[in-house]
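Below is one structure, written out as structure tokens; comments come after it.
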2 protein chains.
Amino acid sequence: MSLEALFSPRGVAVIGASADPDKLGGAMAASLVPYDGNVALVNPRGGDQMFTSVTEAAAAGPIDLAVLCIPAPACAAVLDECGAAGIGAALICAGGFAEAGGEGVGHQDDVLDAARRHDIRLLGPNTSGFFVPRAALLASFVPGVASLSPGGVGLVAASGGLNHALAFAFDRELAGLSVGVGIGAGIDVAAPDVLDHLAADDATTVIALHLETISDGPALIAAVRRAAAIKPVVALVIGKNDIGEFAQSHTGALATSWRTTRALLEQAGAVVVETVDALVTAATVLSRARIAPTASPAAALVTAQAGPGLAIVDAAQDTGVGFPRLTGSTIETLSTLLPPMTYQANPVDTGRPGPRYGAVISTVADDPEIDVTAVYALAEPVVDLVEAATSAHRNGAAIVLGVDGPADDVAKARHRAADAGIPLVVGPQAVAVALDALARDATLRDLLADTSAPAGVASASGPTVDLPATGLTETAAKDLLERCGITTPARRVVTDLAQAQAARSGMAGPVAVKISSADVLHKSDIGGVRLGVATPEAMAEAFGDVRDAARRAGVGEEILIEEMAPAGTDLIVSARRDPVFGVIVVVGVGGTATEVYADVAVAAWPATRGWLTHLPDRLVARGILDGHRGGVPVDRDQLTDVLDTLGRLVHAHPSISDVEINPLRATADGLIALDAVVLTDTLATKER
Amino acid sequence: MSLEALFSPRGVAVIGASADPDKLGGAMAASLVPYDGNVALVNPRGGDQMFTSVTEAAAAGPIDLAVLCIPAPACAAVLDECGAAGIGAALICAGGFAEAGGEGVGHQDDVLDAARRHDIRLLGPNTSGFFVPRAALLASFVPGVASLSPGGVGLVAASGGLNHALAFAFDRELAGLSVGVGIGAGIDVAAPDVLDHLAADDATTVIALHLETISDGPALIAAVRRAAAIKPVVALVIGKNDIGEFAQSHTGALATSWRTTRALLEQAGAVVVETVDALVTAATVLSRARIAPTASPAAALVTAQAGPGLAIVDAAQDTGVGFPRLTGSTIETLSTLLPPMTYQANPVDTGRPGPRYGAVISTVADDPEIDVTAVYALAEPVVDLVEAATSAHRNGAAIVLGVDGPADDVAKARHRAADAGIPLVVGPQAVAVALDALARDATLRDLLADTSAPAGVASASGPTVDLPATGLTETAAKDLLERCGITTPARRVVTDLAQAQAARSGMAGPVAVKISSADVLHKSDIGGVRLGVATPEAMAEAFGDVRDAARRAGVGEEILIEEMAPAGTDLIVSARRDPVFGVIVVVGVGGTATEVYADVAVAAWPATRGWLTHLPDRLVARGILDGHRGGVPVDRDQLTDVLDTLGRLVHAHPSISDVEINPLRATADGLIALDAVVLTDTLATKER
């Protein structure tokens, strides 16, 4: 169902309207009266230019959207009346629904039932509304929205408050808005619906997305993927830290991990940023410029001031933007344009901008190795930065202008840049953020261009096993992995010392002796693992110790004898069923890295071969995979297959909640799963 | 020597002045003419209102400062003339000195000689100048500086460009400037001089410091310490990433580590920030508010919009700011002021601000558990946020206002807040940055209040050793540590198997067998370490292997037999002589943490007991020291003593460049140095 009735209504009825602008119904009426279409004010008590009912209003002129400024208990009945009058969309601003508990839960059920019954698309409840500046459609209590300029930024915020805060921030940057929406409770119209609307909306050139908690993960990711295939999507996810009780009071949805949400948004093609300020800068810049897909975007910086130039390069390099040396012919041309003492290789230090500033910018932008050219200078009346950049911009180069200066001069430069359609930001930090956004947009598109599926090592949906309620023993888990094509060490399960000795003598080199039970997750911690057992005497001692540990833990007599793997590089890989997003796969390096530094890379499964292969490059510790300081390099193709196999395994077995291989060791002979845990969730199975 | 002649001259001479504002000498003259004191324009070619020499100008009226807008080769002679005329300060804007190489090196020597000869304090060369807005003293080529307002921010930037960029940024925030200085080459007046001046300047209420490369580390740190004891110092260090060649073209100084610089600035009391934007926000806020020293600053947030509130709390928590639940009596009072459905525990969600907004803010700010109260709302003409906060502000509470809204309304709120002296920032992110700055200022002052010296475990300056050119063997290094009171494992150096067997049988439990030579830094990598040798057979094999490895490496026959330490928590500690800052001590956790994640904490030695004890808390992996997942907790007092001892050791032995204990193992019996490297630098010794 389209959102046309919501965002392009022939007419709007304000229900609970008031003549008093200090009342919410009065503020909303004042905002909506300027709307280009038909506007009807409704209040059962009547009044000057008031209809006393929706029915009456709809009889007088076309109404597609009802804006309800009335308390929660009254909403469902009004929606029924709206439905009868043929109204296709409604906005409910009030709180006091499910988030408030008690009777609010019933009110929410009632309005949702009414909306479904009448095919009404419902925005809210618990939001301060939305706006479409180009049509002067301003469904907001905040009078300042009347000053918002129309433009290319389509804004979807989880909350009405941030929708307003961001809308004003974009407006201060002179990045006009196509649509700004605060989702609120999102019981019907949610972020995915608005994303689809904005993806299809020609006036929207970039989408800015703010998320708090996510209810329907797969729908969100699918909508982001569809939108990002058409235009840039920039996303900010709140919730890195525990904002617990307050967040719950504000909205109520399944908790998921901040890292997972961000990772999956990127996999869907969104440029994910860290701060509200970065969201505004990145979307503003991407509404005016974009660079072609590339694996390693190259930036150039033309600066009139070395100090801010250093600050820009330092901050931009921190996010992975490269500043390669300009090509010889570019440097040669620059040497004819600039004084001899300036630095010209990249950054290009111009000294104070002179008459040949435009030629310098064009020369740098024309360098075949350069994807985007940033230009920084103090805004001065005598230096027209926008004029200087216009020629390069017209020739199709991606340009980012950065300025500092007195407020008035900065404002003038901003207006000139907005008129010319050239990205302009204020201050060195914003230039770095802008370059990072352009670069990440380009690298994501490059990565996502590979849509091939992983080859896989074997069909994970083939073998099935009887899964006990408490999970598999290590042995059973490894047997399962073997059947999926993942290599595991040679092993035997034994119950007495004679079997243990026989097992050892049949294996190459020293062996490991471990508790086999699935009831002990951290076997080493209770003395249940002995490594490097190489002689009959050592086996006698090790077997006795491990069996004693198993008995103390009350986990039976089964002991696992296993060949030791050669030294190598240890990884952690897993797949699990995320409560919000479904099957995800995770990769990290061993040791403290995963736990202490949260250095893991996450992807939704299924994923393309390109994305899975790229995944480990998202780790801070990615250097370890290349054979850090003499270590064994990881076979990246094989790792891709293992990740895909684990995802398929969890997908194919609804009763498996979690598969983890820790460590997965990269050896000269390939990847070997040295320890494996398979957790089952029989309750979840029953519910499915 | 004071900087009075530079910053408060009775008169200024512009040398190389021009009537043409497009020439540098013309732009500088135009900027300086409005100065409150005497201004003389000097050009040997004469002209309207021009003196033809400094001598002539000085005869006509008092001149303390000469601003040289002439090329490098001409400067030294003019300085001589200035000195003869009794001028006490000079500014040289030109480049073309040592940074340009060639003849420039000689020009630099010449101007420095001239300045020294005449006791002239010299700012520059290679800087675009400085300004003192309250006296209309604007020594800058940029006409826009005429719009800068006077105020409390004292600004010291490494470069003239960033001095201007930051000055304009502060001005846009309505944070006035007391002084703004671009150091440039800094061959005479450098950041420490300006810091001392600003510390003593009553008009300066906060110091904003921008640093690139550092030449005289100890002088800088000492000046920051002196200034931070009097007023807040906020510092930004550029150079996290390799900005190599371009940075060298811009300035030339000894390289030091970005992390070390930041760590030592914090140890001296500076609030160190990450970005240019954060420098502006933090200094602006600290110029108007400060909270009392405390180990764990507590913030409250009063917000009219839940969404931005969540964004603020999420971002602020990320930097360690706490938002404790308000006390019962505060919540009780709030319940009488706010509608029942709002969240009131902290954050306090007010809904749209009403007439009792001021009472809500005062109630929260009065909570005895709260150190700082942030208030966020949309700036609307009907909501006077500054008025609402005034009562709490007058009662001495630290308040940070955050707004969003149309540009005009935001500008009005900014002016109102500046007039009232209440910090106001724009957008949720800036509120989080402001809270972080206030909190870090308070925790640093709390930490630095402990000025006691560490007890030390023994006098490190006592024992001295003969240090070979290539460093000590592991054995000699451990002997040295033992003599300093640091525990090491029982060990013996052997040269044949019989000695090795005897050594093992005399030790408790399994032993380690290692190459003893100092010529191999990573013994494990070449097979030079065998652990857990517990039997005569195992010793025979291990000894043979390690001796073979030693022979292959050509490092002699000495083998170290050492008792194995019990399991524990591994740390890395070291002390070394930093080329810029002198003796520093470093602590990290073992494994990949230090190397891959650069998770190390650095301090200058000597340090107070309080700072050294706090140091490991600066690690991301600090949880590991508390006995992470069943690990052995680290004796923090003992760790403090070890760090202090290593610092003293390097300090006392000028020939030692580096001492590293890796690992230093925390066991139930205390800290044991399991491996130690002592590097000597005989060249450095000779030079001293």
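Both backbone and side-chain heavy atoms feed into the values below; hydrogens, waters and symmetry mates do not. Lettering of chains follows the sequences in order, A, B, ..., and the numbering in each one begins at 1.
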V596(B) versus I624(A): any side-chain heavy-atom pair under 4.5 Å? yes
With distance as the sole test, does R172(A) use its side chain to make a donor-acceptor pair with the main-chain N or O of D404(B) at under 3.5 Å? no
What part of P428(A) gets closer than 4.5 Å to chain B, counting heavy atoms only: side chain, backbone, both or neither? side chain
Quick one: of L24(B), V620(B), D171(B), who has the most non-hydrogen atom pairs under 4.5 Å with chain A? V620(B)
Bottom line for T275(B): the part with an atom under 4.5 Å from chain A's heavy atoms is both
To check you understand the geometry: which heavy-atom pair defines the closest contact between L162(B) and G307(A), and what is its length? CD1-C, 4.3 Å
Region of D318(A) that comes under 4.5 Å of a non-hydrogen atom in chain B: both
Chain A contacts, top residue of G144(B), P308(B), P143(B), A167(B) (heavy-atom pairs, under 4.5 Å): P308(B)
Heavy-atom cut-off 4.5 Å, strictly under: side chain, backbone, both or neither for V410(B) against chain A? side chain
By a 4.5 Å heavy-atom criterion (distance strictly below it), what part of Y376(B) contacts chain A: side chain, backbone, both, or neither? side chain
Taken to the nearest 0.5 Å, the spacing of T535(A) OG1 from E537(B) CD works out to 9.5 Å
Spacing of CG belonging to L378(B) relative to CZ belonging to F168(A), to within rounding of 0.5 Å: 6.0 Å
I'd like to know if the side chain of D314(B) reaches the main chain of K240(A), judged simply by a donor and an acceptor atom lying under 3.5 Å from each other, with no hydrogens or angles considered. yes
If every non-hydrogen atom of L310(B) is compared with every non-hydrogen atom of I238(A), which pair is closest and at what distance? O-CG2, 3.9 Å
